[in-house]
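What follows is a single structure, written as structure tokens, with notes after it.
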Amino acid sequence: MALLSLKGVNASYGNVKVLHDINIEVDEGQTVCLLGANGAGKSTTIKAIMGMVASPANSISFDGEVISGMNPNKIVKKRVALVPEGRHIFSQLTVTENLKMGAYVRSDKKEIEEDLNHVFDRFPRLNERQNQMGGTLSGGEQQMLAIGRAMMVRPKLLLMDEPSMGLSPLMREEIFETIMNINKDGTTVFLVEQNAALALAISKHGYVLENGHIVYQGTKEELLCNDVVAQAYLGKKQCIEKK
């Protein structure tokens, strides 16, 4: 059974329908990506999962439980964490304070402290800047902080919305290596990303969203070798030879 399941998800802003009968499954332990151009509906899909945008009753399930219509706070308590597009760190709080904000739904002080140390181990640069204001960090460091804050939820599912946006090529590689390691450590990842090559490189399965419709889906290998996907998002086919 999928850890995350979207079945017939529709979403609108006022009279403008953005998502049209979206069907997505994310199996536990996988990294799955949702690809698409700007304005395709990728961020709306994330918001629907988090309960920030209304979706039809019984259309979204997590860990065997329906979460569509649930308050976002309750969804976070079920260990679903979001790294939002644009990071949205608290610029006037220190790095440590930002991270502790990620644990706002928890009361287990000893385990929170353990997780805080784990984040600092994963991101040595944040460890060096524990008392620095979030707004003074570089873009890459702010992205590390946003990921670390989400990890303070102890997520079973980590949602990531455009993590490569605004980063240098070197920092993009570092961030995506971090995502890959988080997944290897056992956290399921649902990744929304415009950079198809980066996303598919670390994903098991992918979906392509165009104008609010899922138009392609398949394994990483199938999407890398798909003519239309390659032309639109990759520049050329990147078929992986079967051994």
Steps toward side-chain contact (heavy atoms from CB on, under 4.5 Å) verdict (Phe176, Glu193): CA-CA 11 Å; Phe176 270 72; Glu193 180 60 53; 3.6 Å; yes
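- Using a 4.5 Å heavy-atom threshold, the side chains of Asp108 and Ile112 count as touching.
- Leu145 CG to His88 NE2: the interatomic distance, rounded to the nearest 0.5 Å, is 13.5 Å.
- No side-chain heavy atom of Leu4 sits under 4.5 Å from any side-chain heavy atom of Val32.
- For the pair Lys110 and Glu114, the minimum side-chain heavy-atom distance is below 4.5 Å.
- Judged by distance alone, with hydrogens and angles left aside, the side-chain atoms of Lys42 form no donor-acceptor pair with the main-chain N or O of Leu35 at under 3.5 Å.
- The heavy-atom pair separating Phe62 from Lys78 by the smallest distance is CE2-O, 3.2 Å.
- A salt bridge is defined here as a Lys NZ or Arg NE, NH1 or NH2 lying under 4.0 Å from an Asp or Glu carboxylate O, and Lys204 with Asp27 fails to meet this definition.
- Closest heavy-atom contact between Ser43 and Glu85: OG-OE1, 3.0 Å.
- Distance check, rounded to the nearest 0.5 Å: CD1 of Ile67 to CG of Asn58 gives 12.0 Å.
- Within a 6.0 Å radius of CG in Asn38, no more than 12 heavy atoms belonging to other residues, nucleotides or ligands are found.
- In the hydrophobic clustering of ILVMFWY residues, with side-chain heavy atoms under 4.5 Å counting as a link, Val105 and Leu116 come out apart.
- Annotation: the span from Arg122 atom CZ to Asn127 atom CG amounts to 14.0 Å, rounded to 0.5 Å.
- A donor-acceptor distance shorter than 3.5 angstrom exists from the side chain of Asn98 to the backbone of Leu93, with no hydrogens or angles considered.
- The structure places OH of Tyr233 at 9.5 Å from CD of Gln194, a figure rounded to the nearest 0.5 Å.
- Closest heavy-atom contact between Ala11 and Val53: CB-CG1, 3.8 Å.
- Within the 3.5 Å criterion, the main-chain N or O of Glu28 finds no donor-acceptor partner in the side chain of Thr188.
- By the criterion of side-chain heavy atoms lying less than 4.5 angstrom apart, applied directly or through intervening Ile, Leu, Val, Met, Phe, Trp or Tyr residues, Met52 is grouped together with Leu19 in one hydrophobic cluster.
- Among all heavy-atom pairs drawn from Val95 and Phe120, the shortest one is CG1-CE2, 4.2 Å.
- A salt bridge links Arg154 and Glu111; the closest N-O separation between the charged side-chain nitrogens and carboxylate oxygens is under 4.0 Å.
- Proximity of Ile175 to Ile147: side-chain heavy atoms (C-beta onward) are separated by under 4.5 Å at one or more points.
- Using a 4.5 Å heavy-atom threshold, the side chains of Pro155 and Met151 count as touching.
- The minimum heavy-atom distance between Ile60 and Ser55, with the atom names listed, is CD1-OG, 3.6 Å.
- Hydrophobic clustering (ILVMFWY, side-chain heavy atoms < 4.5 Å, transitive): Leu200 and Phe190 are in distinct clusters.
- Under the 4.0 Å criterion applied to side-chain N and carboxylate O atoms, Lys156 and Asp63 are assigned as salt-bridge partners.
- With rounding to the nearest 0.5 angstrom, the CG atom of Leu159 is 4.5 Å from the CD1 atom of Ile46.
- Residue Arg149 comes nearest to Leu99 through the heavy atom pair N-CD2, 3.4 Å, listed as atom of the first residue, atom of the second, then distance.
- Cluster membership for Leu3 and Met50, using ILVMFWY side-chain heavy atoms within less than 4.5 angstrom, is shared.
- The residues Glu65 and Lys74 are annotated as not salt-bridged, no charged nitrogen and carboxylate oxygen being separated by less than 4.0 angstrom.
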Any chance you could lay out the side-chain contact (heavy atoms from CB on, under 4.5 Å) test for Ile49 and Val9, step after step, and finish with the verdict? CA-CA 10 Å; Ile49 295 168; Val9 172; over 6 Å; no
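- At a threshold of 4.5 Å between non-hydrogen side-chain atoms, the residues Gln132 and Leu137 count as touching.
- Around CG of Asp21, the count of heavy atoms belonging to other residues, nucleotides or ligands within 6.0 Å exceeds 12.
- Side-chain N or O atoms of Ser59 include one that pairs as donor or acceptor with a backbone N or O of Pro56 at under 3.5 Å.
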Please walk me through it: do Ser61 and Val66 pass side-chain contact (heavy atoms from CB on, under 4.5 Å)? CA-CA 4 Å; Ser61 298; Val66 173; 3.9 Å; yes
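- Rounded to the nearest 0.5 Å, atoms CD (Glu162) and CG (Leu167) are 11.0 Å apart.
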Decide yes or no on side-chain contact (heavy atoms from CB on, under 4.5 Å) for Ile214 and Asn23, but give the supporting numbers first. CA-CA 8 Å; Ile214 297 292; Asn23 295 293; over 6 Å; no
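- In this structure, Arg125 and Glu174 have side chains that are in contact, with non-hydrogen atoms separated by less than 4.5 Å.
- Under the 3.5 Å distance criterion, the side-chain polar atoms of Gln143 are matched with a main-chain donor or acceptor of Pro163.
- No side-chain heavy atom of Pro84 sits under 4.5 Å from any side-chain heavy atom of Asp161.
- Criterion: ILVMFWY side-chain heavy atoms under 4.5 Å apart, direct or through other members. Under it, Leu158 and Val192 are not part of a common hydrophobic cluster.
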